[in-house]
Number of protein chains: 2
Amino acid sequence: MPNRIDADQPEKVREALRAAHLYYLQDLTMDAIAREMHTSRSSISRLLGFARSTGLVDIQIRSPYRGSSSLEDAIQKRFQIATHIVPVPDHASNVDRLERVCMSAARMLDRYLDSNMVVGLAWGSTLTAISRHLVPKELHNVQFVQLNGAGNNQTTGIVYASEMLRRFGDAYSGTSQQFPVPAFFDDPRTKEALWRERSTRRVLDMQARMDVALFGLGSPFADVPSHVYIGGYLEPRDFEMLDEAQVVGDCATVFYRADGSYRDIHLNDRASGPDLDQLRRTPRRICVVSGASKVASLRGALAAKLVTDLVIDEGSARALLESAMSDIEHASAHMVKP
Amino acid sequence: MPNRIDADQPEKVREALRAAHLYYLQDLTMDAIAREMHTSRSSISRLLGFARSTGLVDIQIRSPYRGSSSLEDAIQKRFQIATHIVPVPDHASNVDRLERVCMSAARMLDRYLDSNMVVGLAWGSTLTAISRHLVPKELHNVQFVQLNGAGNNQTTGIVYASEMLRRFGDAYSGTSQQFPVPAFFDDPRTKEALWRERSTRRVLDMQARMDVALFGLGSPFADVPSHVYIGGYLEPRDFEMLDEAQVVGDCATVFYRADGSYRDIHLNDRASGPDLDQLRRTPRRICVVSGASKVASLRGALAAKLVTDLVIDEGSARALLESAMSDIEHASAHMVKP
DNA sequence: AGCGATCGCGCACATACGTGCAAGGGAGAA
DNA sequence: TTCTCCCTTGCACGTATGTGCGCGATCGCT
């Protein structure tokens with residue numbers, strides 16, 4: 001868990017900066033720094049840990065302009081989106097994989113955020129995992145807004161959602177706006193009514209003004225199906241409808257098909273997530289995907305043009321490309337013998 | 001010494017990026033990375049060293065908006081320049097101090113540089129030291145140009161100057177333009193004549209188009225007097241002239257007084273360095289100073305408005321402020337009893 | 001093909017680093 | 001004032017990391 005935000009202990013921050021400067025810019029050993037700063041080596045070790053975890057020290061990996069991974073390049077070319085591949089061994093468990101992708105995503109996130117931005121956050125296991133690994137950055141007037149409700153008929157889920165929002169707010173000194181509605185309504189008319197309420201409108205307006213949206217994807221076929229599918233949010237007959245409608249996944253509770261279509265999926269009328277047409281007006285839409293079982297869902301999201309920036313584990317990236325390749329083969333096979 | 005530039009071994013770079021990602025973004029131990037990458041732990045250690053030294057991993061210290069060091073703030077306010085204080089213990093030797101300031105400066109430098117820039121480099125012990133600690137960064141079409149000649153009546157100094165330029169060029173994939181003239185001419189007319197030559201004009205034109213200038217300062221009073229004063233560049237009667245003219249220091253062989261004046265110092269007619277009026281048209285002028293014995297020189301340079309960004313060791317920064325404070329006291333003492 | 005030079009790799013050792021634990025010290029409450 | 005609680009510090013230990021050295025592979029030259 002990251003240390004408390006730094007604004008309150010100016011003395012400690014100064015010492016941490018000095019130690020960090022000596023360690024990272026002058027290559028001194030902690031021992032030498034301890035002598036210079038008249039304290040023990042272990043205190044310096046802790047001080048440096050503090051400096052890292054509070055973002056005073058910022059460690060970035062920069063791929064020398066796109067020559068880094070041919071996988072990244074290939075996806076970039078094929079789908080026209082910026083991609084970050086997260087190296088994860090193929091034999092890693094799904095939990096491990098998610099954790100590692102989200103840790104990497106969290107640490108790359110500050111490249112995308114800046115002061116005065118409105119940032120939309122989906123609610124789900126991906127976002128929760130990311131929120132645990134954020135590295136603070138000093139920003140002003142950042143607003144985080146929840147994209148989809150978290151409640152179901154058993155729990156409001158609000159504690160988890162608000163915990164996640166709080167962590168984002170803490171890390172970037174921003175404010176956060178909860179969206180205290182159920183993930184899915186039983187009756188679309190309730191949603192319509194609530195959507196006209198001014199308190200709801202405030203959230204929706206904020207969503208409409210987003211500069212960045214951050215989300216994972218759901219997949220009904222995933223080895224670890226997303227919250228949405230197992231949390232008691234949907235009834236058996238809802239699942240049947242999903243099946244009939246050939247849904248391959250969802251983004252913040254809004255469902256889509258393999259070809260990216262979604263407008264005529266009735267379940268979406270009851271979903272709390274943002275209208276995807278509107279989501280697409282957000283300039284940057286960062287999608288974090290972990291696990292090859294989500295590739296079908298991802299392809300749907302890509303077809304729907306929901307994603308501008310993708311963070312994905314290596315194995316899934318490979319699977320994504322392969323599935324795209326085999327499409328082409330099928331297509332051309334289809335063409336040569338009509 | 002930094003590793004060779006990375007463009008030539010794409011495989012090694014890819015591995016280094018992967019290792020760096022796993023180490024810095026996912027917090028794995030080198031041991032774990034070695035297992036994932038099927039190699040030995042020591043190879044990973046070396047690979048990470050490579051990644052750091054080639055700038056694939058970029059470690060920055062960010063002061064949370066100006067709350068960092070009150071010294072930095074104070075100098076900022078008093079002299080209207082951006083300042084970076086380098087922490088160095090007071091008892092450090094002059095060589096140590098220079099080395100550490102220059103290492104820090106080198107590692108901060110990439111903040112200032114970008115593609116397509118023209119960068120002027122003075123020639124002296126400060127710049128040579130900086131050049132030894134540069135961290136590479138992938139840029140395009142950067143041009144480095146030498147600001148002052150290096151030759152004297154005993155040696156051309158060209159090998160050292162070109163070595164320094166080469167290191168800059170290597171680190172930022174730029175080209176470099178030497179300035180193969182003596183530091184000081186014996187006869188100002190020779191300089192005038194040479195300055196009309198087209199080959200010289202090319203260099204001077206480039207200097208006129210600089211986006212960034214990087215230089216140390218000379219001081220005739222410094223504990224370790226700068227190259228200029230001990231390298232056999234000046235005759236005994238030149239020193240007398242400096243004394244008479246009340247010179248306190250030089251920037252790239254061009255001398256100035258405590259009040260910042262320099263136009264009427266005749267020695268400057270024979271100097272190879274840039275006209276200071278012209279230097280001041282360069283948008284960013286970064287000055288690196290190490291050692292309190294250069295404070296008088298620095299004050300002259302500040303009075304002449306030669307500096308927009310200052311990198312200085314802590315002790316000297318303190319000395320600079322104190323000297324400025326005592327001026328004010330004297331001034332006000334003068335005012336209360338006229 | 002044979003030979004030497006050169007490079008990269010892993011081993012093993014020395015050093016540097018992170019962290020549980022107990023003691024010290026300061027702030028707040030009684 | 002005194003007691004208590006909590007936070008911070010340094011110690012000691014185990015782990016993680018850096019590096020000199022020797023071996024084997026590779027490349028180029030004759």
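Quick note on labels: first sequence line is chain A, next is B, and so on, each numbered from 1. Note that the coordinates shown come from a computational prediction; the quantities given were computed from them, not determined experimentally. Values reported hereafter were calculated over all heavy atoms of this structure, with side chains retained and with hydrogens, waters and symmetry mates removed.
- Listed by chain and number, the residues in a side chain to side chain contact (heavy atoms under 4.5 Å, CB included) with B:Arg46 are B:Ser42 (sequence neighbours excluded).
- Judged purely by atom type and a 3.5 angstrom limit, B:Thr175 has no side-chain atom pairing as donor or acceptor with the backbone of B:Gln143.
- Checking side-chain atoms of A:Ser173 against main-chain N and O of A:His140 turns up no donor-acceptor pair under 3.5 Å.
- Residues B:Glu163 and B:Arg166 are paired through a salt bridge, judged by an N-O separation under 4.0 Å between the basic side chain and the carboxylate.
- Taken residue by residue, residues 19-31 of chain B places no heavy atom nearer than 4.0 Å to DNA chain C.
- Checked for salt-bridge contact, A:Asp313 and A:Lys294 miss the test: no charged N lies under 4.0 Å from a carboxylate O.
- A straight line from NZ of B:Lys12 to P of C:dC7 spans 11 Å, rounded to a whole angstrom.
- For the pair B:Leu48 CG and D:dT17 P, the computed distance is 9 Å after rounding to whole Å.
- Considering only side-chain N and O atoms, B:Ser45 lies under 4.0 angstrom from the phosphate OP1 or OP2 of D:dG18.
- Going from atom CD1 of A:Ile33 over to atom P of C:dT15 covers 19 Å, rounded to whole Å.
- For B:Glu15 and B:Arg41, each mapped to the nucleotide of DNA chain C holding its nearest heavy atom, the one lying further toward the 5' end belongs to B:Glu15.
- Under a 4.0 Å N-O distance rule, the pair B:Asp73/B:Lys77 does not qualify as a salt bridge.
- What separates CG of B:Leu47 from C1' of C:dG8 is a distance of 12 Å, to the nearest Å.
- Atom pair A:Arg46:CZ and D:dC11:P shows a separation of 11 Å (rounding to whole Å applied).
- Checking the phosphate oxygens (OP1, OP2) of D:dG18, a side-chain nitrogen or oxygen of B:Arg52 falls inside 4.0 Å.
- Between A:Glu99 and A:Arg132 there is a salt bridge, since a side-chain N of the basic residue sits under 4.0 Å from a carboxylate O of the acidic one.
- What separates CZ of A:Arg35 from P of C:dA16 is a distance of 9 Å, to the nearest Å.
- Side-chain atoms of A:Lys137 come within 3.5 Å of backbone atoms of A:Asp110 as a donor-acceptor pair (strictly under, hydrogens ignored).
- Here A:Ser43 lies in heavy-atom contact (under 4.0 Å) with sugar-phosphate atoms only.
- Classification of the A:His84-A:Tyr112 ring pair by plane angle, with boundaries at 30° and 60°, yields perpendicular.
- End-to-end axis angle of the helix from C:dA1-D:dT30 to C:dA30-D:dT1, using five pairs per end and rounding to 10°, comes to 30°.
- For the OP1/OP2 pair of D:dT17 and a distance below 4.0 Å, the side-chain nitrogens and oxygens of B:Ser42 include no atom meeting the criterion.
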